[in-house]
Amino acid sequence: METINLAILIGAGLVILSTLTSLVSQRIGAPLLLVFLGIGLLAGQDGVLGIQFDSGGTAYFIGSLALAIILFDSGFETPLRSYRLAAAPALTLATLGVVLTAGLVGVASHYLFGVSWIEGFLLGSIVASTDAAAVFFLLRVGGLKLRDKVKATLEVESGANDPMAIFLTAMFVELAASQADPGFGFSASFIASFAQQIGLGLIIGIIGGGAVAALLNRLRNLDPGLFPIAGLATALVVFAASGLLGGSGFLSAYVAGVVAGNRRLIFPHRIRRFQVGMTWLAQIGMFLTLGLLATPSEFGVIILPAIALAIILIFFARPLAVWICLLPFKFKWREKLFVGWVGLRGAVSIMLAILPGLGGVQNGDTFFNIVFVMVLASLLIQGWTISLAAHLLNMLLPHGPGLLDRIELELPGDAELELVSYRIHPESTVAIGERVPRWARPVLIMRGSRTYSIHNIGHLQADDRVYLFASPRQLEILDKIYASPADLDHPSLYGDFVFGGEVKFSNIAKQYGLTAFNLESEETVGEYLEREFSGEPVVGDRLSVGSVDLVVTALSEDNVIETIGLIIDPDSFARPNIPKVLTNKIRGSIRNIRARLNASASTTATDDHQSTEANT
């Protein structure tokens with residue numbers, strides 16, 4: 001019991017220390033991941049606590065579990081828009097870029113360390129991938145608002161390049177371990193194995209992501225504390241199942257996160273809050289464990305060539321590979337340079353460096369020490385200067401007025417509501433004196449350090465901070481009102497098209513499937529809105545009705561609604577019910593075939609009857 005209590009005490013103490021030192025690291029600009037790794041080193045065999053930890057298998061297990069959690073969360077937070085922006089260049093970097101980097105570093109390793117070509121390429125493969133955890137944490141936790149295309153490229157590449165690096169590393173570990181065998185060499189089985197890992201990883205990830213979303217949407221009545229646990233546990237099942245079936249578990253975890261995160265889920269805020277904490281814990285645990293595994297006293301022989309190899313990787317191999325891969329795509333030289341600079345190496349490289357020792361490669365521990373020094377150099381050089389590079393290369397978006405915060409509220413049923421905060425753009429419609437629509441009025445305004453209500457502040461001004469409740473589908477229009485230069489003709493303000501108030505509401509209900517309303521009513525849309533607004537409509541009043549929004553666009557002199565704008569919710573029509581559509585088409589085709597057959601039979605019968613009469 002004393003040993004167990006001591007282990008818990010040390011482990012929890014190191015986590016607390018890592019958490020507290022993160023405050024100091026943010027003040028001095030040090031990369032958090034470097035801090036976590038440093039604490040692990042200080043607690044290790046050569047450190048202050050002198051903890052003896054030399055189990056590569058345990059470290060690889062902890063690292064794999066932590067990385068699966070991080071990759072799932074990374075995919076969950078990556079919108080499909082990122083893939084539309086940068087799928088081709090990012091996936092080129094994740095495949096060809098990894099191979100080029102591994103080859104260039106492998107050549108340098110052969111001459112710097114005097115190892116065989118196979119061992120050189122093994123070392124190059126270990127450090128060839130950009131670390132997803134490092135990139136996501138530096139971009140998201142660091143608060144860097146990068147240009148969309150660059151950010152999307154980095155996010156997709158870092159999440160998708162691990163399978164290639166893992167495959168290359170496993171292949172060269174097998175080759176290096178069998179060098180003494182005269183018959184060793186490449187074979188078609190390597191290519192088949194890679195295709196199997198990628199193919200199964202993608203398929204299982206897509207199916208698993210759909211399963212995560214379907215399961216969560218069925219667990220409506222589950223205890224709020226168990227709800228996100230069920231989602232993350234299902235993601236880990238996908239990760240493990242993919243590995244057991246011969247696929248890439250890391251790719252499956254990431255793809256499952258992308259699929260689940262881009263589906264409509266109930267209570268998504270519960271999942272995100274839980275995953276933020278779990279991702280931090282996984283990150284801290286992974287780097288502490290890898291730091292404990294390292295023995296700095298063994299770095300003496302390899303430290304200088306390892307630093308030289310890290311410099312070659314940072315300043316030559318990675319930038320050159322990026323430049324070649326992005327040649328077919330429309331990237332500016334500044335963007336290529338920045339993407340090349342953000343090729344951080346982290347926990348994945350250290351984890352892969354454990355494999356040579358586990359795989360029976362001669363002097364396998366040397367690979368671990370070399371890679372550990374290279375990762376430290378990468379975090380020190382690149383991690384410490386990523387913000388400076390973004391500023392120098394003009395990769396940052398301006399921190400102007402806009403949406404500051406979103407807090408999702410948990411409400412009964414399917415109701416979705418958020419508390420949102422905006423800083424008013426100086427050229428927005430409200431800042432230049434336009435009336436704030438009644439439905440979009442804030443519940444609280446902050447001007448300087450004082451708070452006001454909409455009733456005692458007068459006109460809203462630039463840089464006022466407003467808070468209001470809104471549904472997710474209203475955010476686009478709120479952006480136009482508070483956070484963008486005025487564009488009074490934009491369709492999102494007054495509708496995709498406008499019609500007269502005398503149109504019957506039943507026609508609109510039938511057209512857009514609003515089955516909850518009386519489809520036989522003779523009430524007009526104008527009358528319906530006047531009733532909903534208590535007989536006092538004003539221009540700009542907006543009402544959500546099922547899958548459409550109705551906006552009052554013009555009033556007569558006697559305050560009667562003359563014209564109404566109609567705004568269609570794209571989510572309601574972007575994904576049609578494919579099975580239903582196909583069924584209707586099939587039924588229509590069958591009816592047509594039956595009609596033709598009946599007509600043909602009728603014609604044949606008539607012809608036979610006429611022929612009989614003629615013969616008679």
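All values below were derived from every heavy atom in this structure, side-chain atoms included, with hydrogens, water molecules and symmetry-related copies excluded.
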Backbone N/O of Leu388 and side chain of Thr385: donor-acceptor pair under 3.5 Å: no
Plane angle bin for Tyr83 and Tyr254 - parallel if under 30°, tilted between 30 and 60°, otherwise perpendicular: tilted
Ser387 backbone acceptor or donor facing His391 side chain under 3.5 Å: yes
Verdict with reasoning, Val150 to Val342, per side chain to side chain contact (heavy atoms under 4.5 Å, CB included): CA-CA 10 Å; Val150 173; Val342 187; over 6 Å; no
Nearest non-hydrogen partners of Ser242 and Gly201, listed with the distance: OG-CA, 3.9 Å
Rounded distance [0.5 Å steps], OG1 in Thr169 versus CE in Met164: 11.0 Å
Arg465 (side chain) donor-acceptor with Met446 (main chain) under 3.5 angstrom: no
Test item: Thr366 and Asn369 side chains (from C-beta on) under 4.5 Å apart, heavy atoms: no
Heavy-atom closest contact (Ala59 atom, Ile354 atom, distance): CB-CD1, 4.0 Å
Main-chain N/O of Ala128 paired with Arg345 side-chain donor or acceptor, under 3.5 Å: yes
Within-4.5 Å side-chain heavy-atom neighbours: Leu93 and Thr153: yes
Over all atoms of both residues, closest heavy-atom pair of Ala353 and Ile126: N-CG2, 3.8 Å
Derivation of the side chain to side chain contact (heavy atoms under 4.5 Å, CB included) call for Leu236 and Ile69: CA-CA 7 Å; Leu236 292 178; Ile69 294 172; 4.1 Å; yes
Asn363 side chain reached by Glu119 side chain, heavy atoms, under 4.5 Å: no
Min side-chain heavy-atom separation Phe372-Leu41 under 4.5 Å: yes
Distance-only polar pair, side chains of Ser378 and Gln382, donor-acceptor under 3.5 Å: yes
Under 3.5 Å: donor-acceptor pair, side chain of Arg272, backbone of Glu77: no
Parallel, tilted or perpendicular: ring planes of Phe329 versus Phe331, cut at 30 and 60 degrees: perpendicular
Gap separating the CD atom of Glu157 from the OG1 atom of Thr130, nearest 0.5 angstrom: 4.0 Å
Val127 side chain reached by Leu309 side chain, heavy atoms, under 4.5 Å: no
Shortest non-hydrogen contact from Trp341 toward Ile314: CZ3-CG2, 3.6 Å
Least distance between heavy atoms, Gly246 atom then Leu200 atom: C-CD1, 4.0 Å
Asp73 (side chain) donor-acceptor with Thr279 (main chain) under 3.5 angstrom: no
Atom pair CD (Gln197) and CZ (Phe250), whose distance is rounded to the nearest 0.5 Å: 10.5 Å
Note, Tyr467 side chain near Ser421 side chain (heavy atom, < 4.5 Å): yes
Plane angle bin for Phe172 and Phe121 - parallel if under 30°, tilted between 30 and 60°, otherwise perpendicular: tilted
Minimum heavy-atom distance Ile271-Pro228, with the two atoms named: CA-CB, 4.0 Å
Test item: Ser248 side-chain N/O and Leu251 main-chain N/O as donor-acceptor pair under 3.5 Å: yes
